[in-house]
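So the structure is just underneath, and the comments pick up after that.
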Amino acid sequence: MTQDVEMKDHQTPSHSVSSAVPSTLQHLKEISSIIESGSYTKEIRRIARAVRLTMGLRRKLTANVLSAFLDFALVPGSDAHARLSPYLPKENEHDMEVDTATSAAQTPGKYLLPELEIYCYLLVLLFLIDQKKYDEAKACSSASIVRLKNLNRRTIDVLASRLYFYYSYSYELTGDLAQIRGNLLALHRIATLRHDELGQETLLNLLLRNYLHYNLYDQAEKLRSKAPRFEAHSNQQVYIVVGYLLAFTITILCMESLFCRYLLYLGKIRTIQLEYTDAKESLLQAARKAPVAARGFRIQCNKWAILVRLLLGEIPERTIFMQKGMEKALRPYFELTNAVRIGDLEMFRAVAEKFAGTFNADRTHNLIVRLRHNVIRTGLRNISISYSRISLADVAKKLGLDSANPVADAESIVAKAIRDDAIDATLDHANGWMVSKETGDIYSTNEPQIAFNSRIAFCLNMHNEAIRALRFPPNTHKEKESAEKRRERHQQEQELAKHIAEEDDDDF
Amino acid sequence: MDPKLTEVSQLFERFKAAITRKDYDSCTELLSHLKVLLTSFRSLPPLFENTPNSIHELTLARDIYEHAVLLSVKIEDQDAFERDFFQLKPYYTDAGSRLPPSPNEYMILGLNLLRLLVQNRIAEFHTELELLSSTALENPCIKHAVELEQSFMEGAYNRVLSAKQNVPNETYGYFMDLLAKTVRDEIAGCSEKAYDYLSLKDARQMLLYTSDKELLQYIEEEHPEWETKNGSVFFQKAKESVPCKEIPSLQLINQTLSYARELERIV
């Protein structure tokens, strides 16, 4: 009797919920039929579509819906069912009875599609992560990985790559990333052997993320340089394929977002290893390619790009710091840039101290220490331009060098700057002077012509790259893009943005 | 106690005794013997098996490798240093959470940083630096190396040299001497570009020689293009970029042709 009363109590407030439940369940069932048909026809695009639809439903998943769906998709009492259902908390059971009935009506000896099973894993995992049950999520994802290792079907790849991601994500949330490194490496090997490109890319990114999480730049670079990469040609190939097959867009968008991420990791590695020019290129490319909605990701790209440009001796334009939604996050870097631009060591020190917390959190502290050298260089350049002759003691004072013997320091610093062609001057040791050289008429040399040529070359190269990366809207020559398709495309782009934003939300 | 473990410990004691005797030949011999014995322990990297003695074995192995690194500094063998250091590193990074911290850890990490600096492997230097926590960076041994790198990059060479006087540990001496040699070459390279001439006295001071004879010998060996006369050193300057007299026609033709080709592709 008491139970009955409870039931009634339950139903009244959850009226709106119970009306939503069937619809979500209905959606899930539709998705599962998409997966089924995708599996039978071996069409990856259907599976990809299913994954996309699922992400839309993510916020609506509840324990009830899920257990109902599990009963529907997996035969109750089967291995898979027994493995998955314990992860779901048992709550009010009244909805379930209905559905058990429906699933019981199905042919009992039904052959279970591996795609469906993996899909159920994905659903449960999503649910657990959203419910912040990270330990269960870890257990569930590990179980799914064990299962995945034994399945070799191309139609699973899309699902698998999502699972890999959440596998790593759940371990990251609990701070145990180091544990799964060996496993990820093994999975990467398997994916490579199976020519599962999506899996390979996903896993490579996860591994890089894993290494960088612990600042293991050396290992990350070793893996990166040895792992097969096909971005260079796949970028082109993929676009050609797109021309023919609209179907693959979502896979490509996934690839695109993976590539974006990869570029960020690559940029970080190169920055640490002092390959600033290459680092700048990949960081800027990552920032440019990232969708507008992925704010956290773009901020991170911009921060690193600013530092790399400073280290290269460039001063980033003011517009970079004024980008919409980023002013606040980039503020410390703006002040830093200002200090470097003026070449004032005192100010540089003050900024570095003031924002030490931010820089430590961004893990850019060591890079900022490296910048000191650039500050001195800029200061020196300013002095050399403004004075034709200045005593070394004054140079030391102007630079704000603090050491036991500032004049001797200044002398050797100036000497090195001269050797590195940072300034054009000579030293007079006997008198303790720095004498700037007369700047000759630069237009009488070949210099302008060389500069002009390099700019033209840059523009032409840019044009060629743009052509190569051009994405042709499918069938433009046949039909205009219908409203529906446009909507779908926008949705896909949003999806991509969310994809990238997902992880970074936690960082910022 | 495990007989194997006892054997290794005994051998290690003999090894340590040999080090204090400064009998480095027998040290190297004992060390290679020890390393072979260590391979039979299953708790050590890369297996990291959880055996009952694992903590003891790991600590012992770490001790052995630490001594190996220090030995390589004493016999001035940089390759051996690199090898031993890489063998030692997993004990700090991967097994660090299971073992009590070693008192020598920062000293050895600092040594390694110094080695990378001496060998001018700056990229690796920074990669290693990223692995250190902020507390590690405060440690005098590490700080010493980090400050050296900064002064070195800035060009404040006299700061590098004065750092030699206050080394945090006597083992640093070997690398500091090597660094002094590198610094001398750097100073020579810079002076060549920055000064028109220097008096012999100033040059001697700058290049850290005690007598003019040593200086002249150095000039003769390393920089025969320098000229010494009237008690001064004259540096031969490379000719400055002279105003362009003739038009580099071939280059221009090539460039213009390539523009034409690219433009054609666009239009």
Side-chain angles (χ1 to χ4, degrees), chain A residues 178 212 214-218 221 269 271-275 360 363 365-367 369-370 372-373 376-377 401 403-405 408-421 424-430 434 437 440-441 443-447 449 452-453 456-457 459-461 463-464 467, chain B residues 93-94 97 122-134 137 146-147 149-160 162 183 186-187 189-199 202-203 205-206 232 237 240-245 247-248 251-252 255 258-259 261-263 265-266:
Chain A
L212 295 193
Y214 295 97
N215 282 346
L216 295 166
Y217 289 94
D218 199 21
E221 170 58 20
I269 295 172
T271 312
I272 295 301
Q273 306 201 325
L274 295 109
E275 296 166 34
N360 274 330
R363 302 206 276 179
H365 178 256
N366 285 340
L367 293 179
V369 172
R370 287 189 210 175
R372 191 184 131 87
H373 167 60
I376 294 179
R377 275 284 155 88
L401 297 173
S403 63
N405 192 353
D409 274 2
E411 184 165 0
S412 50
I413 289 174
V414 172
K416 187 158 193 266
I418 294 174
R419 192 198 53 176
D420 296 348
D421 283 333
D424 203 8
T426 48
L427 281 170
D428 187 334
H429 185 75
M434 170 176 115
K437 274 186 200 154
D441 181 12
Y443 285 97
S444 67
T445 63
N446 269 331
E447 210 53 45
Q449 209 254 324
F452 193 45
N453 177 47
I456 294 177
C459 290
L460 289 173
N461 199 23
H463 176 263
N464 286 343
I467 297 262
Chain B
T93 50
D94 298 338
S97 51
I122 305 295
E124 282 166 72
F125 178 91
H126 283 289
T127 315
E128 289 289 325
L129 207 58
E130 287 296 319
L131 288 172
L132 300 172
S133 64
S134 50
L137 289 176
V146 174
E147 277 169 6
E149 193 264 351
Q150 259 186 15
S151 313
F152 198 76
M153 289 310 284
E154 273 165 29
Y157 296 121
N158 49 332
R159 238 184 284 159
V160 177
S162 64
V183 166
E186 284 282 313
I187 294 179
C190 291
S191 319
E192 188 176 41
K193 289 272 159 56
Y195 301 99
D196 292 327
Y197 65 91
L198 274 176
S199 72
D202 293 335
Q205 268 175 8
M206 236 176 250
S232 296
K237 291 249 165 172
E240 297 300 322
S241 57
V242 281
C244 171
K245 295 265 162 46
I247 299 164
Q251 194 193 349
L252 275 179
Q255 279 174 7
S258 76
Y259 299 155
R261 200 169 49 238
E262 293 286 340
L263 276 176
R265 228 188 276 172
I266 294 173

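Only heavy atoms go into these numbers, but all of them, side chains included; no hydrogens, no water, no symmetry mates. Residue numbers start from 1 in every chain, and the chains themselves are labelled A, B, ... in the order their sequence lines are given, proteins ahead of strands.
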| Between A:Ala410, A:Ala408, A:Ala178, A:Ala457, the one whose heavy-atom pairs under 4.5 Å with chain B are most numerous | A:Ala408

| field | CD on A:Glu221 to CG on A:Leu212, rounded to 0.5 Å | value | 10.5 Å

| field | Under the side chain to side chain donor-acceptor pair (under 3.5 Å) test, residues paired with B:Tyr259 that sit two or more places apart | value | A:Asn453

| Residue pair A:Glu411 / B:Asn158, side-chain donor-acceptor N/O under 3.5 Å | no

| request: Let me know if A:Glu275 has heavy atoms under 4.5 Å from chain B in its side chain, its backbone, both or neither. | output: neither

| request: Any chance you could measure A:Asp218, atom CG, to A:Ile269, atom CD1, to the nearest 0.5 Å? | output: 10.0 Å

| task | Would you mind telling me which of A:Asn464, A:Leu274, A:Asp420, A:Leu367 has the largest number of heavy-atom pairs within less than 4.5 Å of chain B? | result | A:Leu274

| query | For A:His429, is it the side chain, the backbone, both or neither that has a heavy atom under 4.5 Å from a heavy atom of chain B? | reply | both

| message | Between A:Ile272 and chain B, with a heavy-atom cut-off of 4.5 Å, which part of the residue counts as in contact: side chain, backbone, both or neither? | response | both

| task | Evaluate the side-chain proximity of B:Glu149 to B:His126: yes if any heavy-atom separation is below 4.5 Å, no if none is. | result | yes

| said: Is A:Val414 in contact with chain B via its backbone, its side chain, both, or neither, using a 4.5 Å heavy-atom distance? | reply: neither

| note | When the 4.5 angstrom heavy-atom criterion is applied to A:Ile376 and chain B, the contacting part is side chain

| request: Could you tell me which of A:Gln273, A:His365, A:Arg370 has the largest number of non-hydrogen atom pairs under 4.5 Å with chain B? | output: A:Arg370

| Top contributor to chain B contacts, counting heavy-atom pairs under 4.5 Å, from A:Leu460, A:Ile418, A:Asp409 | A:Asp409

| request: Could you tell me which portion of B:Glu130 (side chain, backbone, both or neither) has an atom closer than 4.5 angstrom to a non-hydrogen atom of chain A? | output: both

| Do B:Leu252 and A:Gln449 touch side chain to side chain, with heavy atoms closer than 4.5 Å? | yes

| B:Ile122, part contacting chain A, at a heavy-atom distance under 4.5 Å | both

| query | Does B:Tyr197 have any ring pair (Phe, Tyr, Trp, His ring centres under 6.0 Å) partners at least two apart in sequence or in another chain, and if so, which? | reply | B:Phe234

| note | Assert top hit (heavy-atom pairs under 4.5 Å, partner chain A, pool B:Gln255, B:Glu186, B:Gln251, B:Met153) equals B:Gln255

| Should A:Leu216 and B:Thr93 count as side-chain neighbours, where that means a heavy-atom distance under 4.5 Å? | no

